[in-house]
Number of protein chains: 2
Amino acid sequence: MNLKHSKQRDSIKEFLATRKDHPTADVVYTNVRQSFPNISLGTVYRNLTLLADLGEIARVRVGDGVDHFDYDTSPHYHFICKKCGNVIDLDMPVTGQMAAEARESFNGKIEGQMTYFYGLCSNCTPKILYKEKESLKL
Amino acid sequence: MNLKHSKQRDSIKEFLATRKDHPTADVVYTNVRQSFPNISLGTVYRNLTLLADLGEIARVRVGDGVDHFDYDTSPHYHFICKKCGNVIDLDMPVTGQMAAEARESFNGKIEGQMTYFYGLCSNCTPKILYKEKESLKL
DNA sequence: TAATAAAATAGTAATAGTTACTAATATTTA
DNA sequence: TAAATATTAGTAACTATTACTATTTTATTA
């Protein structure tokens with residue numbers, strides 16, 4: 001199956017390139033519709049999957065039940081905010097240390113590892129004011 | 001909302017206790033039906049979710065699109081086989097090292113970390129026979 | 001450039017996993 | 001035992017995703 005060029009696919013990739021927030025298929029869909037008003041959701045899914053299979057983008061699964069997509073295919077970790085759901089890149093070196101450790105104790109072939117972090121992002125972290133801090137006797 | 005005792009819930013928990021292979025809701029359903037022929041799938045889901053919320057069991061998400069459930073709530077890592085889909089416990093110490101490292105470079109509250117490994121389990125690893133090895137000139 | 005082959009599309013239907021709803025039942029409390 | 005309320009079975013609804021199909025686009029070739 002040889003690839004054929006498609007404006008829709010270009011548009012999907014271009015859109016992803018502009019975003020650092022790992023949009024879902026649905027977000028891609030609503031945005032790309034501004035340039036292609038009758039693009040179908042199926043086309044978006046098909047192309048996201050194709051691009052991910054080609055290694056041109058990355059599919060990011062962070063346990064929220066929805067696939068996210070990332071233009072940045074270099075290895076890096078993600079953080080997902082339990083409150084707002086935002087997926088954020090972490091600036092932290094990726095090592096194969098844990099996988100290496102896992103291989104020691106496992107009788108099979110460990111090909112890779114999936115790791116992400118969760119909690120509250122800086123926007124969703126309650127900001128305790130000085131006076132409140134005082135009254136809490138911190 | 002105070003809890004009330006339920007035989008179905010007991011049965012679900014008892015079943016989970018007998019298994020080390022992290023069954024899905026559907027597997028729980030088909031098995032518990034042997035003791036409760038008209039238990040409904042909704043009851044299974046509701047109780048699995050409730051038990052997980054109570055911390056009596058653990059919900060395991062390993063990126064295969066289906067939730068698995070684990071009677072063992074002690075912290076441990078999982079391996080998922082890309083071929084047969086089995087979820088296997090790893091006998092490997094759990095440390096907070098990566099999360100600690102992540103906190104250094106992140107401006108928010110990292111509450112936890114999700115890590116699992118994937119590849120081929122020992123059953124699915126191709127076993128190369130001696131003669132085949134010879135002909136492959138290994 | 002026109003004809004042909006093949007891939008991609010829009011639109012829609014179907015699927016899987018899970019959650020929500022409701023009337024009836026079971027459990028607990030008084 | 002009666003009242004209050006959690007739980008259930010059964011079913012409908014929902015969400016994310018994939019599959020299907022007739023039509024359109026893109027690429028190839030004559």
Side-chain angles (χ1 to χ4, degrees), chain A residues 1-16 21-54 56-70 80 84-87, chain B residues 1-16 21-54 56-70 80 84-87:
Chain A
M1 204 254 290
N2 283 326
L3 275 195
K4 261 171 193 174
H5 195 245
S6 121
K7 291 163 190 168
Q8 288 89 336
R9 182 150 60 236
D10 286 350
S11 177
I12 287 166
K13 218 181 145 184
E14 271 167 35
F15 169 70
L16 262 191
D21 66 340
H22 318 81
T24 62
D26 205 63
V27 170
V28 173
Y29 174 56
T30 53
N31 279 275
V32 170
R33 262 213 288 192
Q34 286 168 17
S35 358
F36 289 85
N38 21 338
I39 196 172
S40 81
L41 188 53
T43 297
V44 172
Y45 270 106
R46 186 167 13 80
N47 280 297
L48 287 172
T49 299
L50 176 60
L51 290 168
D53 289 348
L54 293 172
E56 297 185 28
I57 65 173
R59 191 188 294 262
V60 179
R61 292 196 159 136
V62 280
D64 64 349
V66 204
D67 284 0
H68 296 253
F69 295 89
D70 193 347
I80 180 168
C84 68
N86 276 355
V87 179
Chain B
M1 203 252 293
N2 282 327
L3 276 194
K4 261 172 193 173
H5 194 247
S6 121
K7 292 164 187 165
Q8 288 89 336
R9 183 151 58 236
D10 285 351
S11 178
I12 287 166
K13 217 183 146 183
E14 271 168 33
F15 169 70
L16 262 191
D21 67 340
H22 317 82
T24 61
D26 204 64
V27 170
V28 173
Y29 174 57
T30 53
N31 278 275
V32 171
R33 262 212 287 191
Q34 287 167 17
S35 357
F36 290 86
N38 22 338
I39 195 172
S40 81
L41 188 52
T43 297
V44 172
Y45 270 105
R46 186 167 14 80
N47 280 296
L48 287 172
T49 299
L50 176 61
L51 291 168
D53 288 348
L54 293 172
E56 297 185 28
I57 65 173
R59 189 190 294 263
V60 179
R61 292 197 158 135
V62 280
D64 63 350
V66 204
D67 284 359
H68 297 254
F69 295 89
D70 193 347
I80 180 167
C84 68
N86 276 356
V87 179

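Basis for what follows: all heavy atoms, side chains included, without hydrogens, waters or symmetry-related copies. The structure presented is a predicted model; accordingly, all values stated were derived computationally and were not measured. Each chain gets a letter, A, B and so on, in the order the sequences are listed, and its residues count up from 1.
Atom-to-atom, CZ of B/Arg61 to C1' of D/dA16 comes out at 13 Å; the value is rounded to the nearest Å. As rounded to whole Å, 14 Å separates atom C1' of D/dT7 from atom CG of B/Asn2. A/Ile39 has its CD1 atom 16 Å from the C1' atom of C/dT12, to the nearest Å. With rounding to whole Å, A/Asp64 atom CG is found 15 Å from C/dG17 atom C1'. What separates CZ of B/Phe36 from P of C/dA26 is a distance of 11 Å, to the nearest Å. For B/Asn38 and D/dT11, the CG to P distance is 11 Å, given to the nearest whole Å. Rounded to whole Å, the distance from CG on A/Asp26 to P on D/dC14 is 16 Å. Rounded to whole angstrom, the span from the CG atom of A/Asn47 across to the C1' atom of D/dA19 amounts to 16 Å.
Atom CG of B/Asp53 sits about 7.0 Å away from atom CZ of B/Arg59, to the nearest 0.5 Å. Remark: A/Asp26 CG to A/Asn31 CG distance equals 10.0 Å, nearest 0.5 Å. Put simply, CG on B/Leu54 and NZ on B/Lys13 are 8.5 Å apart, with the number rounded to the nearest 0.5 Å.
Listed candidates were D/dT26, D/dT7, D/dA16. Nearest to the side chain of A/His5 is D/dT26. Checking D/dA16, C/dT9, D/dA9 against the side-chain heavy atoms of A/Gln8 singles out C/dT9 as nearest. Looking at the side chain of A/Arg46, the nearest of the listed nucleotides D/dT17, D/dA9, C/dT9 is C/dT9. Comparing atom distances between the B/Thr49 side chain and each of D/dT7, C/dT19, D/dT26 picks out C/dT19 as nearest.
Residue contacts for A/Asp67: at a heavy-atom cut-off of 4.0 Å it reaches the sugar-phosphate backbone alone, with no base atom in range. Residue contacts for B/Leu41: at a heavy-atom cut-off of 4.0 Å it reaches a base atom on one of the strands shown. Within the nucleic acid shown, A/Arg9 comes within 4.0 Å of sugar-phosphate atoms alone, with no base atom in reach, counting heavy atoms only. Residue-level contact check: A/Ser6 touches the backbone only, with heavy atoms under 4.0 Å from sugar-phosphate atoms and none from bases.
In this structure, A/Arg33 is not positioned above the aromatic face of A/Phe36 in the sense of NZ or CZ being under 6.0 Å from the six-membered ring centre and within 45° of the axis.
Nearer the 5' end of DNA chain D, as judged by each residue's closest nucleotide, is the contact made by A/Gly65, out of A/Lys7 and A/Gly65.
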Q: Would you please test B/Tyr29 and B/Ile39 for side-chain contact (heavy atoms from CB on, under 4.5 Å) and show each step?
A: CA-CA 8 Å; B/Tyr29 174 57; B/Ile39 195 172; 4.1 Å; yes
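In DNA chain C, consecutive stretches of 3 or more Watson-Crick or G-U wobble pairs with both distances under 3.5 Å are given as paired ranges: C:1-30 with D:1-30.
Checking side-chain atoms of A/His68 against main-chain N and O of A/His22 turns up a donor-acceptor pair under 3.5 Å.
Contact check, B/Ser40 against D/dG10: no side-chain N or O comes under 4.0 Å of OP1 or OP2. Using a 4.0 Å cut-off, some side-chain N or O of A/Tyr45 falls inside it from OP1 or OP2 of D/dT17.
Between B/Ile57 and B/Leu48, some side-chain heavy-atom pair lies under the 4.5 Å cut-off. A/Asp10 is listed as a side-chain neighbour of A/His5, based on a closest heavy-atom distance under 4.5 Å.
If you check distances only, the side chain of B/Lys4 does reach the base of D/dT5 with a donor-acceptor pair under 3.5 Å.
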